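Predicted model only: the values in this text are computed from it and were never measured. Read the numbers this way: they start at 1 and go in the same order the structure lists the ligands and their atoms. Every heavy atom of this structure was used, including side-chain atoms; hydrogens, water molecules and symmetry mates were not.
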Amino acid sequence: MSDANTAINTVSVDCPAKTNLTLHVGRPRSEWGGRHELDTIYCAVGVYDTVTTSRKKPGSGFSLNLEGAYLGDLASSGSDMRRNHAVLALFAMAEASGHEPDVALNIEKRIPVGAGMAGGSADAAATILALNTLWNLDWSIERLQQVAATLGADMPFCLTGGYARGTGFGEQIEQLSENSDAVLELTDQGFAGRLLVGAYQAELRTPEVYAMFDQIGAGATDNNHLQQASISLHPRSGQAIDEALQAGAKQAFVSGSGPSVIAFVPTDDAARAVQSAWQQSRCVDRIIATKAPAHPIVHIIA
Ligand SMILES: C[C@](O)(CO)[C@H](O)COP(=O)(O)OP(=O)(O)OC[C@H]1O[C@@H](n2ccc(N)nc2=O)[C@H](O)[C@@H]1O
Ligand SMILES: Nc1ncnc2c1ncn2[C@@H]1O[C@H](COP(=O)(O)OP(=O)(O)OP(=O)(O)O)[C@@H](O)[C@H]1O
């Protein structure tokens, strides 16, 4: 059979986590279900979840398997499979394309859960990208982002990675090139290249962080307006930021709604100094070394 007719049976996607290099938060909007106005610069970072989608027998329904050493609250038997963001994305794509959701989903999780790094959104985006190939839809990124925006604020960005400006409640995306003025300005300030992620067993629920923001507002000099709220709910993140900056990090901040902390470390010495400061003070539970920016990678397996 020619390639065009060979059925694709298994597609996997490595999808990076996201952070916010700036996150300016406005007032909640009732027409957005209480979500706040945002003006943010998203940046994908090189911590990847891998979602593999495989065709199943017609009418057999979906299946979900989770792998990884740090599954957070996903590991509990009580966590409802049907609420997993990857499963929600499967059903949204099935609905939008008229396919039956007879697909096996396997998620290898590496992105810390409930960390402010859009781990769930990354898995949903990976599922959307994989199904676009598995089902030969070949839809444009704009069409895929329309489906993603119905599922979560930071999901549309996760489809493209790299850098983007997010407005609205975060779902209006303007892709930014690495040599755009906005990115060059942030790169000059040290928001690029090698970084360390300080991750925690503890999770923060995004709605609770926004509710705390409504109470206490943003720190006067914080690029991330949710940082002060996140630190008040999880003080160890504030300690990790102080330790990183004292040890030579160029920038250190809470990632999105937190609790994880991102420290940009431009040199080997800075990376080693931040790593040992975090280990000695025990102010983080796990350290992941990687770099930014990053992009999703689609693999056709069979
Ligand atoms: C904190 C960020 O990660 C920054 O990129 C995002 O704004 C959070 O995006 P997300 O987790 O995809 O958020 P969603 O799943 O869409 O919404 C979860 C909850 O977060 C709050 N939320 C989210 C986005 C937003 N612009 N304002 C909000 O107040 C709302 O309580 C909402 O019900
Ligand atoms: N595939 C998934 N991966 C991670 N969390 C998931 C997934 N599906 C559902 N969830 C639920 O979503 C909640 C938030 O998970 P997630 O890792 O996306 O948080 P987050 O990184 O703080 O997100 P954000 O940065 O968008 O606020 C978790 O408590 C988890 O129970």
Side-chain angles (χ1 to χ4, degrees), residues 15-45 47-51 64-68 70-76 78-90 105-127 148-158 164-173 197 199-200 202-214 223-227 229-230 233-234 237 253-260 262:
C15 195
K18 75 91 194 158
T19 194
N20 305 73
L21 302 182
T22 64
L23 177 53
H24 296 171
V25 181
R27 64 188 178 83
R29 299 280 291 270
S30 54
E31 66 272 34
W32 294 341
R35 286 180 176 148
H36 293 69
E37 293 166 340
L38 292 191
D39 189 343
T40 183
I41 301 290
Y42 289 114
C43 173
V45 299
V47 186
Y48 296 85
D49 280 358
T50 300
V51 175
L64 173 67
N65 181 54
L66 290 169
E67 299 174 22
Y70 303 94
L71 294 179
D73 63 14
L74 293 177
S76 66
S79 93
D80 178 358
M81 279 191 354
R82 289 186 309 279
R83 298 296 308 151
N84 189 289
H85 293 171
V87 174
L88 296 177
L90 167 60
L105 295 174
N106 188 77
I107 305 178
E108 292 165 72
K109 282 213 68 72
R110 304 180 195 86
I111 300 172
V113 176
M117 299 185 76
S121 300
D123 295 348
T127 303
T150 64
L151 296 169
D154 55 16
M155 221 163 276
F157 168 69
C158 292
R165 183 174 178 203
T167 50
F169 55 82
E171 87 295 356
Q172 300 295 327
I173 299 293
V197 178
Y200 295 94
E203 300 178 25
L204 287 179
R205 286 186 35 70
T206 304
E208 287 167 19
V209 179
Y210 273 104
M212 180 61 78
F213 167 81
D214 287 339
N223 262 322
N224 174 358
H225 287 182
L226 296 180
Q227 177 156 306
S230 181
L233 293 167
H234 187 264
S237 300
F253 52 95
V254 166
S255 180
S257 50
S260 57
I262 304 283

Does only the side chain of E203 get under 4.0 Å from ligand 2, or the backbone, or both, or neither? Count heavy atoms.
side chain
Distance below 4.0 Å between atom 13 (C) of ligand 2 and any protein heavy atom?
no
Checking V197 against I262 for the side-chain contact (heavy atoms from CB on, under 4.5 Å) test, could you report, in this order, the C-alpha distance in whole Å, the side-chain angles of both residues, the deciding distance, and whether it holds?
CA-CA 5 Å; V197 178; I262 304 283; 4.0 Å; yes
I'd like to know if the side chain of T22 reaches the main chain of I41, judged simply by a donor and an acceptor atom lying under 3.5 Å from each other, with no hydrogens or angles considered.
yes
Would you mind finding which of G120, G114, A118 brings a heavy atom closest to atom 19 (O) of ligand 2?
G114
With a cutoff of 4.0 Å, is K109 in contact with ligand 2, counting heavy atoms of the residue only?
yes
With heavy atoms and a 4.0 Å threshold, my read on which part of L38 contacts ligand 1 is side chain
Compute both the distance and the angle, then confirm whether R35 meets the cation-pi test with W32: under 6.0 Å from the six-membered ring centre, within 45 degrees of the axis.
no
Give the residue, atom name and distance (to 0.1 Å) of the protein heavy atom nearest atom 12 (O) of ligand 1.
D154 OD1, 3.0 Å
Would you say atom 20 (O) of ligand 1 makes contact with the protein, given that contact here means a non-hydrogen protein atom less than 4.0 Å away?
yes
Okay, side chain of D39, backbone of H24: is any donor-acceptor separation there less than 3.5 Å?
no
Decide yes or no on side-chain contact (heavy atoms from CB on, under 4.5 Å) for Y70 and K109, but give the supporting numbers first.
CA-CA 7 Å; Y70 303 94; K109 282 213 68 72; over 6 Å; no
Which is it for Y210 and ligand 1 at heavy atoms under 4.0 Å: side chain, backbone, both or neither?
side chain
Ligand 2 N/O within reach of G116 N/O, cut-off under 3.5 Å:
yes
Which atoms of ligand 2 sit under 4.0 Å from any heavy atom of D154?
24 (P), 25 (O), 26 (O)
One finds that the ligand 2 atoms under 4.0 Å from a non-hydrogen atom of S257 are 22 (O), 27 (O)
Which residue owns the protein heavy atom closest to atom 8 (N) of ligand 2, what's the atom, and how far is it?
H85 N, 2.9 Å
Does ligand 2 have a heavy atom under 4.0 Å from the side chain of A115, from its backbone, from both, or from neither?
backbone
How does N20 reach ligand 1, by side chain, by backbone, by both or by neither, if only non-hydrogen atoms under 4.0 Å count?
side chain
Is there a side-chain hydrogen bond (donor to acceptor under 3.5 Å, both in side chains) between N20 and T40? Walk through the geometry before answering.
CA-CA 7 Å; N20 305 73; T40 183; 2.9 Å; yes
Here the atoms of ligand 2 under 4.0 Å from any heavy atom belonging to D123 are 1 (N), 2 (C), 3 (N)
G256 near ligand 2 by a heavy-atom separation under 4.0 Å:
no
Relative to the heavy atoms of P207, which atoms of ligand 1 are at a distance of less than 4.0 Å?
19 (C), 31 (O)
Run the numbers for me: atoms of ligand 2, each under 4.0 Å from some heavy atom of K18, listed by number.
25 (O)
Contact summary for S121 and D154, nearest pair of heavy atoms:
OG-OD1, 2.5 Å
Is the closest basic N to carboxylate O distance between R29 and E37 below 4.0 Å?
yes
In terms of its nearest heavy atom to atom 29 (O) of ligand 2, the top option of D73, L74, N84 is D73
What I want to find out is whether E108 reaches R110 closely enough, with some N-O distance under 4.0 Å, to be called a salt bridge.
yes
Looking at non-hydrogen atoms alone, which of H225, E208, H36, R35 comes nearest to atom 15 (O) of ligand 1?
R35
Below 4.0 Å from ligand 1: does a non-hydrogen atom of K18 turn up there or not?
yes
Closest heavy-atom pair and its distance - G116, S255
O-OG, 2.9 Å
Take V25 and L226 through the test side-chain contact (heavy atoms from CB on, under 4.5 Å) and record every step on the way to the result.
CA-CA 8 Å; V25 181; L226 296 180; 4.1 Å; yes
Does an N or O anywhere in L23 fall below 3.5 Å from an N or O of ligand 1?
no
Looking at ligand 1, is there an atom of it that comes within less than 4.0 Å of some heavy atom belonging to T40?
no
Can an N or O of A153 be found at a distance shorter than 3.5 Å from an N or O of ligand 1?
yes
On a heavy-atom basis, the closest approach of V47 and P112 is CG1-CD, 4.4 Å
Could you check M212 against D214 for side-chain contact (heavy atoms from CB on, under 4.5 Å), going step by step and ending with a plain yes or no?
CA-CA 5 Å; M212 180 61 78; D214 287 339; over 6 Å; no
Below 6.0 angstrom between ring centroids: does that apply to H36 and F169?
no
Is there a polar contact between ligand 2 and M117, counting only N or O atoms under 3.5 Å apart?
yes
Is any N or O atom of T206, backbone or side chain, closer than 3.5 Å to an N or O atom of ligand 2?
yes
Per the side-chain contact (heavy atoms from CB on, under 4.5 Å) rule, which among T127, T50, N84, V87 passes with I107?
N84
Identify the heavy atoms of P28 and G34 that sit nearest to each other, and give their distance.
CB-O, 3.4 Å
Looking at ligand 1, is there an atom of it that comes within less than 4.0 Å of some heavy atom belonging to Y42?
yes
